[in-house]
Protein chains: 2
Amino acid sequence: MRLSKRGEYGLRAMIALAEPADKSDAPQMMQIKEIALREQISTKFLEQILLTLKNAGLLHSKMGVGGGYYLARSAKEITLGQIFRVLDGPVAPIKCVSQMAYEPCGCPDEETCGLRLAMGDVRNAIADILDNTSLADVTKRQGAVRKKLGIK
Amino acid sequence: MRLSKRGEYGLRAMIALAEPADKSDAPQMMQIKEIALREQISTKFLEQILLTLKNAGLLHSKMGVGGGYYLARSAKEITLGQIFRVLDGPVAPIKCVSQMAYEPCGCPDEETCGLRLAMGDVRNAIADILDNTSLADVTKRQGAVRKKLGIK
DNA sequence: CTAATTGTCTACTAGTACTATGGGATTTAT
DNA sequence: ATAAATCCCATAGTACTAGTAGACAATTAG
């Protein structure tokens, strides 16, 4: 049940891009270097990850001087589940309960397989959280905790 | 978020051992070969897995003719979470939210890290299911589904 | 006592995935 | 033209996964 480094870094980067830079709601553009420095990630590795996210349609980019990355949609419309699946594949712990990458497992009868029933519950619980949490939800929650603790 | 083959086979074997063989509630004893055949698992591989489970205190065994494995406690007292952790390690998707194997991640402030907050929810959701589902629950549910479908 | 049966233990291997790193090509602003 | 960025491909090291192999120890039947 583990999130890979690619997944972790990708999620962190997306959250960073979702944080409102100023009062305006304008989508923020950031460069790889900038994100890498701030999140303490290898620049080259992050480059690869952001490119994957871009090719999946979650990010847009601008090349050349003054370029960078920005969210393809508003932070409200991008969920953690979307990002996770691009970088770490299906959410399901076992293929026979996967919605996006179903494959039969070895059990004689899937419908009555106890393991499958339990893992189905797990899959649903995970997907429920990941697919219903947007980047906006994450930054909002971060802000709320900060405020509560009296931190800038 | 994946269950390894070791984890899958181990869980299947434990469920098989938890299934009541006859009307009595006596703990069932089964041999490696028997389980391997029934669940279509390599005997040698399963052997290794059952041994791990035994050394973790979840199984007991009897050597020699007529020997085999049996549950160390009643099926009600063994949860999927216990088995999972022995074979696949911590349930948490990221170390900084792990209860049994905590390690700090790279974020500047853990308390306000949005990713950590979200992954903490995921960890809790998974642990909630796995730690509150016993082997008895699994076999019971299996039985209920079978009955509903009119299958033996 | 002996042989058969069953679990115990350690080591090894082939393949795959993960975590990067490096070098160049392409695009854009000045 | 030059510098600053992204784009893209290849590769290397490490660790993990899913097994396989074989010798050893304990128990029981006869």
Side-chain angles (χ1 to χ4, degrees), chain A residues 1-13 17 28-37 39-72 84 86-90 93-95 101 105-106, chain B residues 1-13 17 28-37 39-72 84 86-90 93-95 101 105-106:
Chain A
M1 302 289 179
R2 201 155 130 258
L3 180 66
S4 71
K5 284 291 177 188
R6 291 177 74 244
E8 179 188 332
Y9 295 162
L11 284 161
R12 281 194 199 292
L17 284 165
Q28 168 162 225
M29 183 151 79
M30 290 178 83
Q31 295 177 2
I32 298 176
K33 279 193 299 191
E34 210 177 331
I35 304 174
L37 182 67
E39 303 288 336
Q40 300 280 64
I41 305 171
S42 144
T43 305
K44 268 306 202 177
F45 193 24
L46 182 60
E47 176 187 310
Q48 207 174 89
I49 295 166
L50 295 182
L51 195 53
T52 305
L53 255 10
K54 187 210 151 154
N55 290 332
L58 297 178
L59 284 179
H60 285 164
S61 66
K62 198 183 163 211
M63 286 179 94
V65 179
Y69 285 93
Y70 54 96
L71 301 183
F84 181 95
V86 167
L87 297 172
D88 275 16
I94 194 171
K95 284 161 287 175
C105 50
Chain B
M1 302 288 180
R2 203 154 129 259
L3 180 66
S4 72
K5 284 293 176 187
R6 289 177 76 243
E8 179 188 332
Y9 295 162
L11 284 162
R12 281 193 200 291
L17 284 166
Q28 169 162 224
M29 183 149 79
M30 290 177 82
Q31 296 178 359
I32 299 177
K33 280 192 300 189
E34 209 177 333
I35 304 175
L37 183 66
E39 303 286 338
Q40 301 279 64
I41 304 172
S42 147
T43 306
K44 269 306 203 178
F45 193 24
L46 182 60
E47 177 187 308
Q48 207 172 87
I49 295 166
L50 294 182
L51 194 54
T52 305
L53 256 9
K54 186 209 152 155
N55 290 333
L58 297 179
L59 284 179
H60 285 164
S61 65
K62 198 183 163 213
M63 286 179 96
V65 178
Y69 284 96
Y70 54 98
L71 300 183
F84 182 96
V86 166
L87 297 172
D88 275 17
I94 194 170
K95 283 161 289 178
C105 51

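Just so we're on the same page: letters track the sequence lines, and every chain starts at 1.
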With a 4.5 Å cut-off on side-chain heavy atoms, are A:Leu71 and A:Leu58 touching?
no
OP1, OP2 of C:dA29 versus side-chain N and O of A:Lys62: anything below 4.0 Å?
yes
Where the side chain of A:Lys5 is concerned, which of C:dT19, C:dA29, C:dG7 is the nearest nucleotide?
C:dT19
Nearest listed nucleotide, side chain of B:Ser4, among D:dT6, D:dA4, D:dA18
D:dA18
Less than 4.5 Å apart, any side-chain heavy atom of A:Glu8 and any of A:Arg12?
yes
A:Leu87 CG to C:dC18 P, straight-line distance once rounded to whole Å:
11 Å
Identify which nucleotide among C:dC9, C:dG7, D:dA5 has an atom closest to any side-chain atom of B:Ser61, counting heavy atoms from C-beta outward.
C:dG7
Side chain of B:Gln48: nearest nucleotide among D:dG19, C:dT19, C:dT28?
D:dG19
Report the distance from atom CD of A:Glu47 to atom NZ of A:Lys54, rounding to the nearest 0.5 Å.
12.0 Å
Quick note, B:Lys44 side chain, CB onward, closest among D:dC7, C:dT19, D:dA23 is D:dA23
With a 4.5 Å heavy-atom cut-off, do A:Ile49 and A:Ile41 have their side chains touching?
no
Residue A:Lys33, side-chain heavy atoms: nucleotide from D:dA5, D:dA18, D:dT28 that is nearest
D:dA5
Closest to the 5' end of DNA chain C, once A:Gly64 and A:Arg2 are matched to their nearest nucleotides, is A:Arg2
B:Arg6 has a side chain; which of C:dT28, D:dA26, D:dA18 sits nearest to it?
D:dA18
OP1 or OP2 of D:dT6 less than 4.0 angstrom from a side-chain nitrogen or oxygen of A:Tyr70, does that happen here?
no
Looking only at the side chain of B:Phe45 (C-beta and beyond, no hydrogens), which of the listed nucleotides C:dG7, D:dA29, D:dT20 gets closest?
D:dT20
Where the side chain of B:Asp88 meets the backbone of A:Met1, is there a donor-acceptor pair that is under 3.5 Å apart?
no
In whole angstrom, what separates B:Ile35's CD1 from C:dT6's C1'?
13 Å
Check the phosphate of D:dA18 against B:Tyr9, side-chain N and O only, distance under 4.0 Å to OP1 or OP2. Yes or no?
no
Minimum heavy-atom separation for A:Leu46 to A:Ala36, with atom names?
CD2-N, 3.6 Å
What's the NE2-C1' distance between A:His60 and C:dT27, to the nearest Å?
17 Å
Please give, in whole Å, the distance from C:dT5 P to B:Ile32 CD1?
15 Å
Note: contacts of residues 49-57 of chain A with DNA chain D (heavy atom, under 4.0 Å) are A:Leu51, A:Lys54
Let me know the distance between CE of A:Met63 and P of D:dA3, rounded to the nearest Å.
18 Å
Under the ring-ring contact (aromatic ring centres under 6.0 Å, His included) definition, can you give me all pairs with a residue in residues 42-66 of chain A, not counting sequence neighbours?
A:Tyr9-A:Phe45, A:His60-A:Tyr70
